[in-house]
**Q** 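One structure follows; several queries about it will come next.
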Amino acid sequence: MASGELPAGCGKVLVALTALALVPLLLMGVCGSRCNPVLDVPGYLLFHNTVELFSVMVSLSIFGVGWYSYGQSHNRHTLFLSVVFLGIGLMDFMHTLGYTGMPPLITPNSPNKSTQFWIAVRFFAAASFLLSGFIDERKERHWPGRLPLMLGVLSLCAFTFMSITFYPELVPETFVAGVGLTPFKKVSELLIIALLFLSALVYLRRLRRRGNRIYLYYLCAFILCIVSELLFTVYKSAFDVYNVLGHLYKLAAFALIYKGIFATAVERPYRELRHTNDVLLHIMNSIPQSIFWKDRASVYLGCNREFAGRAGLADPAEIVGKTDYQLPWSREESDGYLADDREVMQSNRAKMHIIENLTQADGSVIWIDTSKIPLTDENGAVRGVLGVYEDITAKKAGEEQLNESLQFNQEIINSAREGIVVYDRELRYLVWNPYMEEITGIAASEVLGRHPADVFPMLREAELLPRLEALLTGSAPEVVEFSVKEPGGRTIWFSDASAPLRSASGEVTGVIGTIRDITERRGIEEQLRQAQKLESVGRLAGGVAHDFNNKLTVIMGSAELATKRTEDAALLEYLGLIVKAAEQSRDITRQLLAFSRQQVVTPRRVQVNAMLEELRKSLGRLIGEHISIVLEPGAPLWDISIDPVQLDQIVMNLAVNARDAMPEGGTITFATSNVQLDESPSRHPETPPGGYVRIVCRDTGQGMDAGTCAHIFEPFYTTKAKGVGTGLGLSTVYGIVRQNGGFIEVETAAGRGSAFSIYFPRCEAEQGAQQQREQTSPPRKGKGTVMLVEDEDMVRDLAASMLESQGYRCLAISDPREAVLVAANPEVPIDLVLTDVLMPGLRGEEMMARIWRTRPALRCIYMSGFTDSILERQNGNGAPPFLKKPFQLDELSRLLASVLAARDDEASS
């Protein structure tokens, strides 16, 4: 039942009772004197005294039931009401004896005296009913106790009796002869009705909140009391029917209260006791353990069903009067049981967990765990023994299996190749497996039972202890990585995957953690991050070089054109300086593109040992006589496919870098060997397995620390003084190696020199690298129409001027989409297309694909500041002709002449 709702049917009972109680009042109000006869004095006295004396008896009965049952029920609400009815009974008796016609009660009786007792008892009852609605049955708070409560009520009764009997002038009059009831009496009746109405509301609230139907008796009694008071208020004469009905309703109300108190104090405790006995019997018979009890002679007094079944008895009652010798156990077992009984009873102390054998009714023998305690009376004298035993046969077998399992698990923990740590609730070490001893160098005996902060103070700095404390509260598991420095300065990284350790019930009993040494993995991840960073920087460097090449194209081309149009010696000198500076700038952009793997190359089959031998002399002149160069060629060495100029760049840059690391002189060693990789290197997972040629450049210089080594391949990063180096040497090496499908590794330490190991894939077959043809003859004048497509205005204007200076007719177009429209017009003669590769709106190769739909034989030359590898292969014929920015006039002329000549040769054949 939800709080605030009446129990089913209670509302209907209250409404029906109210209606029935009001029906006589309504009938008498409607019918008048016909339904309201008046009794004579003797008849009324007989009726009044009989009803009042019966009410006194009911009141005293209520007191007796509530008072003497309190020791069992401990119901404070019932006790309060019962003591209240002691006062009500006494004051009702005073009211009865004070009525006119009864023997004098010390002082002469009178209607006023009797009515004063009546008002006093009704006020006392109504106020007590209201107060009782706020008294909880067993709530723990200060309680005066039974005797103080009764003394308080008796004192109030004595005060009322003394005041009305001996000091009537102090009590307001309620009846005046010849006048009738006083206003005080009428107002008092109304106040009593108000108190009773409030009492009914309070009990209605208790009934809704607690759902105890016993409160319904009290509610019905209060309703009858309210109607009774209404009748006493409206009666015309003390002898009419209104007064008679009022007394009857009052008596019925007292009877209902008696019923409520009797149900609370007697019936309910009895039912609860009987239910408790039934529950205890059911519990005993439901317990899987065997329970028995004996007298001082070890004769059985009773047992539960489990014990009876193991003893071969059909019913537990059959055990009464038997001894152990009359049951299926062996004599030896019975002697042992009897000896234990005597020991417990003589010592008056329990004997717990006796592990022994028991022969069952079917002849099988089991292991049991028995506990026996002495049975004593209220004086502490031993009357017998109570025993409980449990079949632990399966448990003993399970313990053996558990021991084997624990041994198995311990072997797993000891042989695990990762650290296993267990903490208790106070974060003290419980488990420290051998692998933890191996990776930390600390024996288990030094940490077990100690707090982590006492053994490893650095854990507090790493904020791992708050995490362990949080895991003890049941927080989610997580993996944490932290570093520890060894005494030698080496940093070791660990991964700690810890989680709450829970019992079978789910309670957190500690923390379990697995520790792994991830130093190598962290190193690999750091190298991967460096590689990704270098890739990003490389893309940036390529973009910068592309834009710079466009500007250099304009500078170099303009200077060359200006050279051909002047004979002023001073001006020619300045123009020569411009060209020279532009060429040097072009070298810088080539290094940037080499780092970003976007420069134009001409790879061919190369024998590394032979090239190193050729470079040995030139290296000596480059690095000086104070440094020795040693070659350690591996034989036979596989060939590699690379542009020889790039290999020269690698060797030169590594040699210069090694020379700068040895200002006092030293040795540079170049060693080569073949390496077969069966799987991708862990630090370079993008590298495919296969055969590689390794070139190692080792020096005896200063070496580098970890911080410097992390940046050495970044463009413009240098440790040299300002103006001494550009910082592009090692970044160029890195770019060339990556462009040719290889990878590079560095081994270095401060004060121990450095070793750069470069791996190039072996050349399995002829790579088809194109050989650049020597063009020594001066370019010849051209003829025909060239469509120039270039979005950069300055480059387009310069290239147009160059073409026209060589005799070509030029159609200069800035938008590739416009070029497609022009080429689609058959009336426009076009002999060749010279186009940039990267343009807004349409790439160069995409533009040519559309042009070739209408002019499939049209030749094309691509130009770009990037490598030709950005171009897609066209029509399966390999890479198309490519002009690298910045270009000079001679380069443009030779390439145009070559392409047009090849076209003419194909046309003639």
**Q** How many angstroms lie between CZ in F54 and OG in S61, if you round to the nearest 0.5 Å?
**A**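 The OG atom of S61 is 8.0 Å from CZ of F54, to the nearest 0.5 Å.
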**Q** Name the atoms and distances for all side-chain donor-acceptor pairs under 3.5 Å in residues 191-207, with sequence neighbours left out.
**A**
residue : atom : partner : partner atom : Å
S199    : OG   : L130    : N            : 3.0
S199    : OG   : L195    : O            : 2.8
Y203    : OH   : H77     : NE2          : 2.6
Y203    : OH   : S132    : OG           : 2.6
R206    : NH1  : S132    : O            : 3.1
R206    : NH1  : G133    : O            : 3.0
R206    : NH1  : I135    : O            : 3.0
R206    : NH2  : I135    : O            : 3.1
R206    : NH2  : Y215    : OH           : 3.1

**Q** Is it the case that the side chain of T96 and the backbone of L53 share a donor-acceptor pair, with hydrogens and angles ignored and the cut-off at 3.5 Å?
**A**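 Side chain of T96 to backbone of L53: no pair is present.
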**Q** Taking only Lys NZ, Arg NE, NH1 and NH2, and the carboxylate oxygens of Asp or Glu, determine whether D92 and K250 approach each other closer than 4.0 Å.
**A**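 Between K250 and D92 there is a salt bridge, with a charged N closer than 4.0 Å to a carboxylate O.
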**Q** Only distances under 3.5 Å count here; give the side-chain donor-acceptor pairs of residues 300-311 to other protein atoms, sequence neighbours excluded, each with its distance to 0.1 Å.
**A**
residue : atom : partner : partner atom : Å
Y300    : OH   : D324    : OD1          : 2.4
N304    : OD1  : I291    : N            : 3.0
N304    : OD1  : F307    : N            : 3.1
N304    : ND2  : M284    : O            : 2.9
N304    : ND2  : Q289    : O            : 2.9
E306    : OE2  : R310    : NE           : 3.2
E306    : OE2  : R310    : NH2          : 3.3
R310    : NH1  : Q360    : OE1          : 2.4

**Q** State the CG-OG distance between L386 and S371, to the nearest 0.5 angstrom.
**A**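 It is 10.0 Å, given to the nearest 0.5 Å.
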**Q** Within a strict 4.5 Å, meaning less than it, do heavy atoms of the Q116 and P172 side chains meet?
**A**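 Not in contact.
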**Q** Between E189 and I119, does the side-chain contact (heavy atoms from CB on, under 4.5 Å) criterion hold? Intermediate values first, please.
**A** CA-CA 8 Å; E189 292 285 0; I119 293 298; 4.0 Å; yes
**Q** If you count every heavy atom of other residues, nucleotides or ligands that lies below 6.0 Å from F93 atom CZ, does the total exceed 12?
**A**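 Result for CZ/F93: open.
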**Q** Is the shortest heavy-atom distance from the side chain of V266 to the side chain of V65 under 4.5 Å?
**A**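 They are in side-chain contact.
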**Q** Taking the side chain as C-beta and beyond, is there a heavy-atom pair between M91 and T160 under 4.5 Å?
**A**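 Yes - at least one pair of side-chain heavy atoms lies under 4.5 Å apart.
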**Q** Could you pull out all residues at least two apart from W67 that satisfy ring-ring contact (aromatic ring centres under 6.0 Å, His included)?
**A**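 Once residues adjacent in sequence are excluded, the partners of W67 under the ring-ring contact (aromatic ring centres under 6.0 Å, His included) criterion are F63.
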**Q** Has the side chain of T182 got a donor or acceptor atom that lies under 3.5 Å from a matching backbone atom of E173?
**A**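 At least one qualifying donor-acceptor pair exists.
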**Q** Measure across I88 and S59 and return the closest heavy-atom pair with its distance rounded to 0.1 Å.
**A**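 Nearest pair, atom of I88 first, then S59: CG2-OG, 4.0 Å.
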**Q** If you measure from CG on L90 to CG on L60, what distance do you get to the nearest 0.5 Å?
**A**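 Here the rounded value is 6.5 Å.
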**Q** Between S475 and A470, is there a donor-acceptor pair closer than 3.5 Å when you use the side chain of the first and the backbone of the second?
**A**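 Yes, the answer is positive, given that a donor and an acceptor are paired below the 3.5 Å cut-off.
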**Q** Under the rule for side chain to side chain contact (heavy atoms under 4.5 Å, CB included), what residues qualify as partners of P477, not counting sequence neighbours?
**A**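 Result, side chain to side chain contact (heavy atoms under 4.5 Å, CB included) vs P477: A499, P500.
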**Q** Would the number of heavy atoms belonging to other residues, nucleotides or ligands and lying under 6.0 Å from OH of Y167 be above 12?
**A**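 At most 12 heavy atoms, drawn from other residues, nucleotides or ligands, come within 6.0 Å of this atom.
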**Q** Quick check: closest heavy atoms across S128 and V84, and the distance to 0.1 Å?
**A**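 Closest approach of S128 to V84, heavy atoms only: CB-CG1, 3.4 Å.
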**Q** Without swapping roles, check the side chain of T264 against the backbone of I261 for a donor-acceptor pair under 3.5 Å.
**A**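 Flag not set: sc T264 to bb I261 has no pair under 3.5 Å.
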**Q** Begin with the C-alpha distance, continue with both residues' side-chain angles, and end with the deciding distance and a verdict on side-chain contact (heavy atoms from CB on, under 4.5 Å) for V153 and F124.
**A** CA-CA 10 Å; V153 170; F124 173 71; 4.2 Å; yes
**Q** A side-chain contact here means heavy atoms from C-beta on lying under 4.5 Å apart; do F117 and F161 qualify?
**A**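 Yes, side chains in contact.
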**Q** Do any N or O atoms from the side chain of D424 and from the backbone of G510 form a donor-acceptor pair under 3.5 angstrom?
**A**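 Judged by distance alone, no pair lies under 3.5 Å.
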**Q** Less than 4.5 Å apart, any side-chain heavy atom of Y70 and any of T78?
**A**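 With C-beta onward as the side chain, the pair stays apart.
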**Q** Within the distance-only criterion (no hydrogens, no angle test), does the side chain of S110 pair as donor or acceptor with the backbone N or O of K113 below 3.5 angstrom?
**A**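 Checked: pair present.
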**Q** Kindly check if the number of other-residue, nucleotide or ligand heavy atoms within 6.0 Å of CZ (R342) is above 12?
**A**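 Open.
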**Q** Just wondering, do K185 and T115 contact through their side chains at under 4.5 Å, heavy atoms?
**A**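 In contact.
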**Q** Backbone N or O of V51 within a donor-acceptor pair of the S55 side chain at under 3.5 Å?
**A**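 Yes; judged by distance alone, with no hydrogens or angles, the pair exists.
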**Q** Which one of R296, K294, Q346 satisfies the side chain to side chain donor-acceptor pair (under 3.5 Å) criterion with D341?
**A**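 That would be K294; it is the only one of R296, K294, Q346 passing the side chain to side chain donor-acceptor pair (under 3.5 Å) with D341.
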**Q** How far apart are the C-alpha atoms of Y217 and Y258, what are their side-chain angles, what is the distance that settles it, and do they pass the ring-ring contact (aromatic ring centres under 6.0 Å, His included) test?
**A** CA-CA 9 Å; Y217 290 114; Y258 174 83; over 10 Å; no
**Q** Heavy atoms only: give me the nearest I257-Y218 pair and the separation to one decimal.
**A**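 Closest heavy-atom pair between I257 and Y218: O-CE2, 4.0 Å.
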**Q** Is Y389 close to D369 at the side-chain level, that is, under 4.5 Å between some pair of heavy atoms?
**A**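 No - every pair of side-chain heavy atoms lies 4.5 Å or more apart.
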**Q** Between H95 and S114, what is the shortest heavy-atom contact and its length?
**A**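 Shortest heavy-atom contact: ND1-O, 2.8 Å.
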**Q** For the CG atom of L156 and the CG atom of L86, what is their distance to the nearest 0.5 Å?
**A**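 It comes to 11.0 Å.
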**Q** Drop me the distance from S69's OG to F262's CZ, to the nearest 0.5 angstrom.
**A**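 Atom-to-atom, S69:OG and F262:CZ are 9.5 Å apart.
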**Q** Just do the side-chain contact (heavy atoms from CB on, under 4.5 Å) check on H451 and Y423 with the steps written out, would you?
**A** CA-CA 9 Å; H451 195 274; Y423 310 86; over 6 Å; no
**Q** Just wondering, do V511 and L472 contact through their side chains at under 4.5 Å, heavy atoms?
**A**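 A side-chain contact under 4.5 Å exists here.
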**Q** Measure the spacing between CD of E52 and CG of L251 and express it to the nearest 0.5 Å.
**A**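 Reported to 0.5 Å precision, the distance equals 9.0 Å.
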**Q** Can you name the nearest heavy-atom pair linking D340 to K351, along with the distance?
**A**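 What the structure gives for the nearest pair is OD1-NZ, 3.0 Å.
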**Q** As a quick check of understanding, evaluate side-chain contact (heavy atoms from CB on, under 4.5 Å) for F123 and S188, giving each step before the final call.
**A** CA-CA 8 Å; F123 258 123; S188 298; 3.6 Å; yes
**Q** Can you list the residues that meet the salt bridge (Lys or Arg N to Asp or Glu O under 4.0 Å) rule with K259, with sequence neighbours excluded?
**A**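 Residues passing salt bridge (Lys or Arg N to Asp or Glu O under 4.0 Å) with K259: E267.
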**Q** Give me the ring orientation class for F254 and F85: parallel if the planes are under 30° apart, tilted from 30 to 60°, perpendicular past 60°.
**A**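 Answer is perpendicular, since the angle exceeds 60°.
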**Q** Could you pull out the closest heavy-atom pair between A350 and I373, with the gap in Å?
**A**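 Distance-wise, the nearest heavy atoms are CB-CG2, 3.4 Å.
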**Q** Once salt bridge (Lys or Arg N to Asp or Glu O under 4.0 Å) is applied, do any residues pair with D295, and if so which ones, sequence neighbours excluded?
**A**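 Not a single residue meets the salt bridge (Lys or Arg N to Asp or Glu O under 4.0 Å) criterion with D295.
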**Q** Is the CZ atom of R502 crowded by more than 12 outside heavy atoms at less than 6.0 Å?
**A**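 Counting neighbours around CZ of R502, more than 12 heavy atoms of other residues, nucleotides or ligands fall under 6.0 Å, so yes.
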**Q** Would you say F184 has more than 12 foreign heavy atoms packed within less than 6.0 Å of its CZ?
**A**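 Yes - once you tally the heavy atoms of other residues, nucleotides and ligands closer than 6.0 Å, there are more than 12.
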